[in-house]
Every structure is written in structure tokens, then in C-alpha cells.
2 protein chains.
Amino acid sequence: MTKLAILGTGIVGQTLAARLQELGNEVMIGTRNVESTLAKTENDAMGFPPFKDWYQKNDDVQLGTFAQAASFGEMIFNCTNGHISLEVLKSAGEKNLKDKILIDVSNPLDFSNGFPPFLFVCNTDSLGEQIQNAFPLVKVVKTLNTMNAFLMVEPSKLAGSHHVFMSGNDAEAKASVKSILNSFGWLDKNIMDMGDITTARGTEMMLPMWIRLYGTLNNPMFNFHINTGL
Amino acid sequence: MTKLAILGTGIVGQTLAARLQELGNEVMIGTRNVESTLAKTENDAMGFPPFKDWYQKNDDVQLGTFAQAASFGEMIFNCTNGHISLEVLKSAGEKNLKDKILIDVSNPLDFSNGFPPFLFVCNTDSLGEQIQNAFPLVKVVKTLNTMNAFLMVEPSKLAGSHHVFMSGNDAEAKASVKSILNSFGWLDKNIMDMGDITTARGTEMMLPMWIRLYGTLNNPMFNFHINTGL
């Protein structure tokens, strides 16, 4: 049984937490303020029901502050909105993150000009790199950020072959993350190690295409497959 | 028999020209200066042999200036390096491009800081849009820019399903381009109309991922497939 932390109470955090708990891990979700998170009664900006509705059905998952969750977790998933990720990680506390694997699922989406969002960092930098640079003693592995949350944790929900990518500087950390991906159902052949954390530029820059495809297909249950003829 | 122009003498221009000629079209390649293009005897920056070697084997293709080719073509392919595309199109002449379909295959790659290249425009703008804005009377259709040249013109070279994307403001122009893609062997189900020319942001921003994948796979004969479970 591995102790895992999820930072972020949105649909990505909920989906990862539920699946990781189901797979026999011990999971704590971190949020800014536990009381106010549980006090919310309205749907969020994306139309999802309030966190407490989900939490009533998933009360085997623990809930704490960002710092409590980070301290609890042997590995930590960053499932916060990209524009607050660095601030959340600071509030989680460097001492609670140090030497641990941080699985960064976030994307640098900026909706301030409406839809479609643009990226607040891209091209010659990435959010994955910004997080790695801000926390040099943390082993950042960027992954899962190129698809819908339900496919992240259960790739077999989509028939046929499709890929998940990994970017990170630490080979051992990527091997550990690969084991988690395997536990979700990802086959080795569909897990693509892109290289160091700078390759997060590539995967984060797929988001504008993902968002347009979502508009074209009118359904989020799709994913990128890299066809190599094999 | 359709008269088609190809702007650019690189590997993309050569590959498209040869294939379009083979399919029964009449093709003229446009270059800045015909004499100096034919006078080059050294491999280009990417290690490809000089244009004249290719041209000796493909002399049914005509060769002219950018303006001659643009005037000749009923449709025009932009296969120039992205950083000179606007300048080349200006030299091709607005009157020679006006009311025609411009199939934009270029990408805004900047190699000035070495490898991997970055994009000199992205995120809130795209090269496709810059071209459309500079030539409002031209019907720009961005397509084919997300893959290797050999796959562009013969998708069956890669087993299994993979996609080509189209972005453009003019539905009729996209229908004409679709016919050309069909003639290359692209099946309707693998041609994805992404919407207006602003969706070129999405496909151009896939290039950093393409380049990293090329590094990871060590082979350019791969392509993106959008797995929708169908």
C-alpha cells in the first residue's frame, strides 16, 4: 500500500484519487482550506457538482491541507489549475515535497480571454520546467496532461491503441511513475518516455489541439495515438 | 488536368511536385532565382542533395520564378521555410495569388538557437493566420504540416490509421483541398476539418511534439492518429 497525495479537488484530482484508492493505495487529497472546500454547495465553473458531493461517496479518501497531503504522500500528484500550481506547491511546503516524486498533470491554460484558452507559458519554456526549476530537489515527472481524466486512470475506456507521454530528468522517478500508469491499465508499449523535463513543452503544446479536437468531435473521450506502423 | 504551383524547392516541394505530376496534374515549381537554384551543387543544410539532382529525374515538372509559378497555378502550395513564407508570397505577387487556393504546408520553425527549434509565432497567432491576414483575397488552407513529406503524399506508406488536419475560412476551398488529399490516398475518415484558419495554431503547435517524437523514435515515418474509439 503506497501513500499518495493529490493536490487539487477538481475533476482530475477526484478521478485520480478515487482510482488510486480503488487500486489499494492510501490517498489524501490536499486543498487550500478543508472547511471551505466542504462548505461549497454550487457547481464549479465547468459545471461539475461541488466537491462534497463526490467526497460523500469517496470518504475512504482522506482530506487535508496542501501541506498535510504533501507531508502524507510518498508521491504527490499536482492536479491543480496550472495558473496556481507554483503557489500551491509553495504552500504545500518545500520540506514536504523534498526528494519525492511530483507527478505533474497540470496544464498552463489561461481562460482570461475566454474560449479557446491560450497557454501562459510555452515554446521556449513549460509549466513542467517552471515547477522543476522552482523545486530542484523534487523529482518532477510530467505525464497524463494530454487527455481527459477518465482516460488517464482507465485507458481501456477507449478502444484501440493510444499513448501517454512522460517527461522528467530522473530515470528512477519515471520508472516509478510507469508502475502507477501500468496499474491504471497502461501497457508498456503505450507509455512513451519523451526524455527530460524540457520535453514537457511538446506535450503541453498539444493542449490547443486537444481543445480544438474536443470542439470538433464534441466528446472528450479521445486521445492521441502515435502511429509508427507497428 | 489541374495546373498546380509549388513554392519552394526543398524536400517537401520536391515530394509534392513529383507526386502531383505522377497523378496527372501539370506542375510548376517556383523558386527565387531559377539559374542559381540549378547552379547549386552542394547538399542543403539538412543533408539533402542539390535540387538539380532531383530535377534531372523529374524534368516533366516545370521550373520558374515564384511569380511565374503563382501565375501558372490554379492552386498554389506554400512549401517554403516558414520564416521566409510571407516574403516569398509577396514576391509571388498578390495579383497572381488573388482568389486562388493557397495550400499552406509551412511551419514557423526557428532554428536560430539550434536544435530543437522553437516556433517564431504560436499560441495567440499562427503562420497560417499571418498569411491569411497578409493576403485577404487568397483562400488559405493549412494542411499536411504535421507529418513527414513522404507520408503527406502517400499515407499508405504507414500501416494503420492516421490523420491529416485542415484549417481554413473557406468551405469550398477546403472541399477542393480534400479532393487533392483523396488523390494522395487519404481516406475521408482520416481527413479532419478543424475549422477556421485560427485552428492552425493547434496544428502548428504540434510541431515541437513531432520533433521530440522524431528524436525518440529515430525515424520520421510516424504520424498522429486521433483515437476516438471508432
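The structure presented is a predicted model; accordingly, all values stated were derived computationally and were not measured. Below, chain A is the first sequence line, B the second, and so on; all start at residue 1.
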Using the benzene-type ring in the case of Trp, are the ring centres of B/His163 and B/Trp186 under 6.0 Å apart? no
Cut-off 4.5 Å, heavy atoms of chain B, and the answer for A/Thr198 is both
Would you say the side-chain atoms of B/Asp44 pair up with the backbone N or O of B/Gly47, donor to acceptor, closer than 3.5 Å? yes
Can you tell me which portion of A/Met221 sits under 4.5 Å from chain B's heavy atoms? Options are side chain, backbone, both or neither. backbone
Where along residues 223-230 of chain B does a heavy atom come under 4.5 Å of chain A, listed by residue number? B/Asn223, B/Phe224, B/His225, B/Ile226, B/Asn227, B/Thr228, B/Gly229
Whatever's closer than 4.5 Å to a heavy atom in chain B on A/Asp193 counts as backbone
A/Arg19 side chain to A/Phe184 main-chain N or O, any donor-acceptor pair under 3.5 Å? yes
Within the 4.5 Å heavy-atom criterion, are A/Gln130 and A/Val121 side-chain neighbours or not? yes
Pick whichever of A/Pro117, A/Pro116, A/Ser161 has the most heavy-atom pairs under 4.5 Å with chain B. A/Ser161
Can you measure from CG (B/Asn148) to OG1 (B/Thr15) and round to the nearest 0.5 angstrom? 8.0 Å
Determine the minimum heavy-atom distance between B/Ala70 and B/Ala92, stating which atoms define it. CB-CB, 3.9 Å
Start with the C-alpha gap between A/Asn123 and B/Asn123, add the side-chain angles, then the distance that decides, and say whether side chain to side chain donor-acceptor pair (under 3.5 Å) holds. CA-CA 9 Å; A/Asn123 202 13; B/Asn123 202 14; over 6 Å; no
Sort out for me which of B/His162, B/Met194, B/Lys157 touches chain A most, counting heavy-atom pairs under 4.5 Å. B/Met194
Going by atom types only, do A/Asn145 and A/Asp104 share a side-chain donor-acceptor pair under 3.5 Å? no
For the residue pair B/Gln14 and B/Ile6, establish whether any side-chain heavy-atom pair is separated by less than 4.5 Å. no
Is the backbone of B/Glu129 close enough, under 3.5 Å, to the side chain of B/Lys142 for a donor and an acceptor to pair up by distance? no
Any side-chain to backbone donor/acceptor pair from A/Gln132 onto A/Val140? Under 3.5 Å, distance only. yes
Show the numbers, then the answer: is there a side chain to side chain donor-acceptor pair (under 3.5 Å) between B/Asp196 and B/Ser167? CA-CA 5 Å; B/Asp196 69 22; B/Ser167 305; over 6 Å; no
Test log, rule salt bridge (charged side-chain N to carboxylate O under 4.0 Å, His left out), inputs A/Lys139 and A/Asp99: CA-CA 7 Å; A/Lys139 296 161 192 165; A/Asp99 300 327; 5.8 Å; no
By the ring-ring contact (aromatic ring centres under 6.0 Å, His included) test, which pairs, at least two apart or in different chains, include something from residues 114-152 of chain B? none
I need the contact set between residues 80-91 of chain B and chain A: heavy-atom distance under 4.5 Å, sorted by residue number. none
Please answer whether the main-chain N or O of A/Thr2 pairs with a side-chain N or O of A/Glu74 as donor and acceptor at a distance below 3.5 Å. no
Per-residue contacts, residues 199-220 of chain B versus chain A, heavy atoms under 4.5 Å: B/Thr199, B/Gly202, B/Thr203, B/Met205, B/Met206, B/Pro208, B/Met209, B/Arg212, B/Leu213, B/Thr216, B/Leu217
